[in-house]
Every structure is written in C-alpha cells, then in structure tokens.
Amino acid sequence: MENKLYVYNSKTRKKELFEPINPGHVGMYVCGPTVYNEVHLGNVRTFVSFDVIYRYLKYSGYKVRYVRNITDVGHLTESGEDKVLKRAKLEQLEPMELVQKYTNMFHEMMSIFNTLNPDIEPRATGHLIEQMEMVQEILDNGYAYEKNGSVYFDTLKFNDDYKSYGKLSGRKIDELLTETRDDLKNQDEKRHASDFAIWMKASDEHIMKWNSPWSVGFPGWHLECSVMSTKYLGETFDIHGGGNDLKFPHHENEIAQNIGARGVEPVKYWLHSNMLLMNGRKMSKSDGNTISPYELFTGESPHVSKGYSPMAVRFFMLQSHYRSTLDLTDQAMQAAEKGYKKLMDAAHILNSMEHPGKGEVTDKDKKILSILEAMENDMNDDFNTPKALADTFELVNYINKLKDGHLDFKEISVDTFNKMKDTFVSFVYDVFGFRKEAAGDDKGMFEGMVELLITIRNEARANKDWATSDLIRDKLKEIGIQLKDGKDGTSWSKVG
RNA sequence: GGUCGGUUUGCCGAGUGGCUAGGCAACGGUCUGCAAAACCGUGUACACCGGUUCGAAUCCGGUACCGACCUCCA
C-alpha cells in the first residue's frame, strides 16, 4: 500500500485517488449474472476484469469483502415476462431448478477461468423481506407511489429534491420523459415515463410471487442490488462494478433507490468494464455474431480456426484495458495463445532457477528493479493490465537470457533476483490469476509415454541391446509399471 | 434523434506534448544433426482538415467513419 492507487470513477469521469472509507478495508459489489441461461463470453470478460481488480486489491494488502449477487427473480424481458420463468417453461423445469442449474454452470465457468469466489454471493430470492422493507422505506420517504398493487419509483420528485437522477449515465430527466415507450407493459400506471417499478403485482399465471403489503407480486430488478449491497457492505461502500451496459438504467436506478430509502449516496467509486466485440461488432445472438465459452474452447464455431484454452482466453482479456472494448478475432486469439505460453514457460523457468550467489548491482540490476516497480505502478493506474503484462514480458526476456547464458548471474544481485522471482510469480499467479494448464489429456499422455518407452525398448531388443532393454524394464518397474513380453508383443500394467 | 466513447504500424492492443509499449505475424542473423524454443537485429504507425506550440499521433475545433447506451443485456 506504499504506492497510491488511482481508479477511474464512471460517475465523475475522472481518475481519482482510491481512499477506502475504512482504511485498509474495501467493500466491493459487482452485479452478477441473471441465471436463466448459459453465461456468455461477454459476461466472462466482466467477471474476469473484476476478478483481477479483487486480486490486485488483496495483493496490495487490503482486506476486501467482495459481494457478487445472483439474480434469480425480477429480471424481465422486453415483453414483460420474467426471464427465469420464461426459460423454465421452455425447459420444463421448476423455476428454482432452472436457477440452480444455471447457477451451477456459472460457478463451473468461473472456476474454469480461475476467478476467485466472491466472499458473499447473495441471491435475490433470499432477500425478499429486505426488499419489501426497502420498498416501504422509499414509500415512507415519498419517493414512490402505489398503483393497482404495483409500486413505482417517482423519478420526477426524486430529481426535484436531489437533482441527481441521470448523473451517472449522463442523462437528463427531461429527455427521458419525452421518450416514447408505448410498447412497454403497464406504462399507463406510471406517472412519468422515467419512473420504474420497485414492486410489481403478479398476474395469476406468474409462479414466482410473494405476499406483500401491496399485492402478491415480485420485486423490481434494480431493487435487489440496492438491498444486498446495503445489507452486506453498508449504506455507503467503496466500489461498485459491472458492465458498461448496466449504467443505465440499472445502476442509475440503484442510486436513486438507495438515496430514496436512506438519503445516502451508496457508492464512492463506480467502475464499469467495457464490451467484448467479435470481428469488430458487439456479440449478439440474434445475428449470429456470438461464440460461447465452450465453443471457444473446442473450436466448434465458424468464428475460430481451432480451440483455445481458458487461460489463453484470460490472457487475451488481460491484454486490453478493462475500460476499452476488446475485439475477439481468430488471429488475436492465436497471438494470445502463443504469448500466454511464452509467459508461462518463463514463469516455470524462473521458478526452478536459483541465483548461484555473488551477484553485483549493475545497470541490468537497476533495470530489473525499475521494471518491478513499473508493474505495480501500472496496476495502480486504474488496473492497467496490458501495460503490466508488457512490463512482465521485459522480465521474460531477462529470464530467458539468464537461462541461455546470454546474461550472467553476476550482473544481478541476489536480492534483485529474489525480488524478481517473488514479484513475477505473484503477478502471474496471484494478480493476473493464471494457472498451469495440463497440455491436453494427462491420462492419454501417460499411456502414450509408456507405449513410447516400449517402442524404444523393442527397438533395443531387435538390436540385441540388452542393456538398454533391461534398463527400461527395470526402471519402469521401479515406478510401478510392469512390462510383460508375450507372443503378441509387449503389454504393461500398473503394480503396487 | 439524444448521450457517451473510439479511430494507433499486417492483426490484437497500451501509452505519452519532444525519449523502443508489449504480444502475434514478417524479414535477416546466432544457436542447433534436423526441428522447436530462446537470443540479437530490421521494417511498416498514430482517420482526415484546421488551430495552439520551438515541437502534436498526444491539447483544442471541425469533418468522416465505427461502436455502445437510450429497450432485456456484462
């Protein structure tokens, strides 16, 4: 924590010095997925981005409480249907069954990408009581009104009192009011076009519904994040993250709800990650410009020539800044795959390398120290992973030169070498969150190796090179593999 | 239509008012039985038009194009 961290705050549109509300502690909330479908690659980018932010905050010595929710109710489609219900009907599952299915798949995917688990992962349906309480608070404060069993947030009154609706997303309420949304459900119940539901009365056929003072219904989508962030992080907390496209209306409404209920601005720093594009356009299922994580891994997609490993994808993502759009192309993925391998090879080499002693402080030594410093400075500058990664590759060059003898250990002091080792390894594994990947199927590789040794041994036997032949057989037996020479060739089995 | 952002070398992608980003690809070399890896070296940039400046790709203005949001979206 010696160096100062600056973060780009979407709300002020400036880089600001990061000063947590409680020194040494950080409260961070990130909008999680709506679990009605397989997580798509764009979501993954957002969660990977905030994973690195979480990791770096921890690396910097902060005690972080990271909350990421699961949305399992209240998120409606354009036509006003609940996303979860719609999908559950389609898959012929109980809504909670569907939610569990896609929650499990989401967790699996997060694990594949080696993201750390949040410290708390609350669900919207687990916080109905609290949501109703907040609706009541907002009503009591006069920033909401009830109509036919539904409760709407009064954006106009809120804006009159606080002059802040639309501040985050840079929108003016007058413009929002003039927009036509005739096609939206229950539009006539709202007093103003920009008002939004915080409690909705359910129709008879709607399954996911709860008793409330206003109607049998369900909470509005924006409410859960206000409620759960407040519950677990307090009325005001440090970081709120999410995808760019959640800025409006989701985050704008979240702020309004929190202020409407408690009179307090909930978030000190708003962080938004940018979109993942493919071939220059936003990924979109409707026009086929999309690829699922699994398709990307297997290569079963017209958009890629082959499959790419999850860590290569993670590397690809970290090679751009989280606030920039990132364009996925096959060529870019190939480049990322090779770069990732080069990085990890160097990490492996460095890990098994020891300084023989007797090093001196030279220009090279100083250069390495300055790179190590630069890596932290890069991350302190709004989590600039591409630049930190670029600096890491300068170290890769030094590591390879040490290995090949192009650079003498004498030119680097023991202290510097050890510091490089520590920092490099911490950055690669702890901050960037890369992990070693098995090259393909381990079992297949093992069997292939044994077959290979048998081939070599048979070669030796044919040449009557009994020494080599026996050496292979005896050494294999030592590690638990018994060879048996039969009429039909050599077979093997594991023993012991 | 409104709001915001972008346009960097063959591709992806950082950054800065004057100093090599980096990865991948290309070319030449070293090493090597061959290959791979690694190392050394090379080239091609900052959309366009104006302005500010000793100096701008970097700041300002305009133009063109692209994208996101405004409606479910990470």
Side-chain angles (χ1 to χ4, degrees), chain A residues 10 13 30-34 36-37 39-50 68 71 74-83 86 166 168-172 174-176 178-185 193-194 221 241-252 272-277 279-286 312 315-343 345-346 349 374 378 381 384-407:
Chain A
S10 305
R13 290 155 214 247
V30 173
C31 289
T34 303
Y36 70 105
N37 209 335
V39 63
H40 86 93
L41 206 58
N43 286 54
V44 171
R45 186 194 183 196
T46 297
F47 298 131
V48 165
S49 296
F50 285 101
R68 188 182 65 204
T71 298
H75 203 157
L76 304 185
T77 67
E78 255 173 88
S79 52
E81 285 176 275
D82 187 297
K83 286 185 164 188
K86 188 180 175 188
L168 175 70
S169 53
R171 263 156 249 270
K172 294 192 179 72
D174 309 347
E175 287 159 6
L176 292 170
T178 58
E179 279 166 17
T180 55
R181 302 190 194 172
D182 298 334
D183 53 332
L184 287 187
K185 198 187 164 196
S194 56
W221 169 44
N244 223 349
D245 47 357
L246 290 183
K247 248 190 228 172
F248 188 88
H250 186 56
H251 291 157
E252 198 70 71
H272 288 98
S273 61
N274 216 321
M275 298 293 105
L276 179 64
L277 311 178
N279 300 317
R281 286 182 300 136
K282 185 184 178 180
M283 284 202 186
S284 157
K285 283 184 186 174
S286 51
F315 179 89
F316 167 72
M317 288 174 174
L318 297 195
Q319 265 196 310
S320 80
H321 188 93
Y322 76 93
R323 280 193 290 113
S324 302
T325 54
L326 171 60
D327 194 7
L328 178 83
T329 61
D330 190 53
Q331 219 178 346
M333 280 311 307
Q334 289 192 17
E337 182 180 56
K338 291 196 179 173
Y340 176 67
K341 185 178 179 301
K342 187 172 178 177
L343 179 70
D345 284 349
I349 290 164
D378 297 335
D381 182 17
N384 193 332
T385 55
K387 192 146 191 295
L389 219 38
D391 286 330
T392 310
F393 271 95
E394 291 201 42
L395 294 182
V396 168
N397 182 254
Y398 280 105
I399 292 164
N400 284 327
K401 277 197 269 198
L402 279 172
K403 176 183 164 262
D404 291 351
H406 295 301
L407 176 64

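These numbers come from a predicted model, not from an experiment. A, B, ... follow the sequence lines: proteins, then strands. Residue 1 opens every chain.
- Interface remark: the A:H40 side chain does form a donor-acceptor pair with the B:A74 base, using a distance-only criterion of under 3.5 Å.
- The base-pairing partner of B:G5, taking Watson-Crick or G-U wobble contacts with both distances under 3.5 Å, is B:C66.
- A:G42 comes within contact range of at least one nucleobase, with a heavy-atom separation under 4.0 Å.
- Straight-line distance between the C1' atoms of B:G18 and B:G13: roughly 24 Å, to the nearest whole Å.
- Here the side chain of A:D327 pairs a donor or acceptor atom with the backbone of A:G280 at under 3.5 angstrom.
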I'd like to know whether A:D345 forms a side chain to side chain contact (heavy atoms under 4.5 Å, CB included) with A:Y340, so could you lay out the CA-CA distance, the side-chain angles of the two residues, the decisive distance to 0.1 Å, and finally the verdict. CA-CA 9 Å; A:D345 284 349; A:Y340 176 67; over 6 Å; no
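- Shown here, B:G50 forms a base pair with B:C60; the pair counts as Watson-Crick or G-U wobble because both key distances fall under 3.5 Å.
- In this structure, of B:C72, B:C70, B:C39, it is B:C70 that holds the atom nearest to the side chain of A:R171.
- Applying the 4.0 Å criterion to OP1 and OP2 of B:A14, one finds that A:S324 has a side-chain N or O inside that range.
- Comparing B:C12, B:G67, B:A74 by their nearest atom to the side chain of A:F316 picks out B:C12.
- Of the two residues near RNA chain B, A:R13 and A:L326, the one whose nearest nucleotide lies more 5' is A:R13.
- Side-chain proximity of A:L276 to B:C12, B:A74, B:C69: nearest is B:A74.
- For B:C72 and B:G15, the P atoms lie 33 Å apart once the distance is rounded to whole Å.
- Comparing B:C40 with B:G51, their C1' atoms sit 45 Å apart, to the nearest whole Å.
- Pair check for B:G43 finds none; no Watson-Crick or G-U wobble contact set falls under 3.5 Å.
- Side-chain proximity of A:H321 to the nucleotides B:A14, B:C69, B:A74 is greatest for B:A14.
- Proximity note for A:K401 (side chain, C-beta onward) versus B:G13, B:C39, B:C72: the nearest is B:C39.
- Side-chain atoms of A:E252 come within 3.5 Å of backbone N or O of A:S169 as a donor-acceptor pair.
- Atom P of B:C66 sits at a distance of 30 Å from the matching atom of B:A56, rounded to the whole Å.
- Between the CE atom of A:M275 and the P atom of B:C12 there is a distance of 19 Å, given to the nearest Å.
- At least one donor-acceptor pair under 3.5 Å links the side chain of A:T392 to the backbone N or O of A:A388.
- Across all strands shown, the partner of B:C24 is B:G10, judged by Watson-Crick or G-U wobble contacts whose two distances both fall under 3.5 Å.
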Return a single string for nucleotides 21-35 of chain B, one symbol per nucleotide in 5' to 3' order, where B is base contact, S is sugar-phosphate-only contact and - is none, cutoff 4.0 angstrom on heavy atoms. BBBSS----------
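- Side chain of A:S273 to main chain of A:T46: no donor-acceptor pair is present (N/O by atom type, distance under 3.5 Å, no hydrogens or angles).
- A:K341 has no side-chain polar atom (N or O) that falls below the 4.0 Å cut-off from OP1 or OP2 of B:A37.
- Rounded to an integer number of Å, the gap from A:L168 CG to B:A68 C1' is 15 Å.
- Residue A:S273 is out of contact with every strand shown, counting any heavy-atom pair closer than 4.0 Å.
- Rounded to whole Å, the distance from CG on A:D245 to C1' on B:C4 is 14 Å.
- Considering A:R323, A:K247, A:H251 as possible partners of A:H272, the one that fulfils the side chain to side chain donor-acceptor pair (under 3.5 Å) test is A:H251.
- At least one side-chain nitrogen or oxygen of A:N397 sits closer than 4.0 Å to the OP1 or OP2 atom of B:C39.
- Side chain of A:N384, nearest nucleotide from B:A14, B:A74, B:A38: B:A14.
- Rounded to the nearest Å, the gap between the P atom of B:A26 and that of B:C65 is 36 Å.
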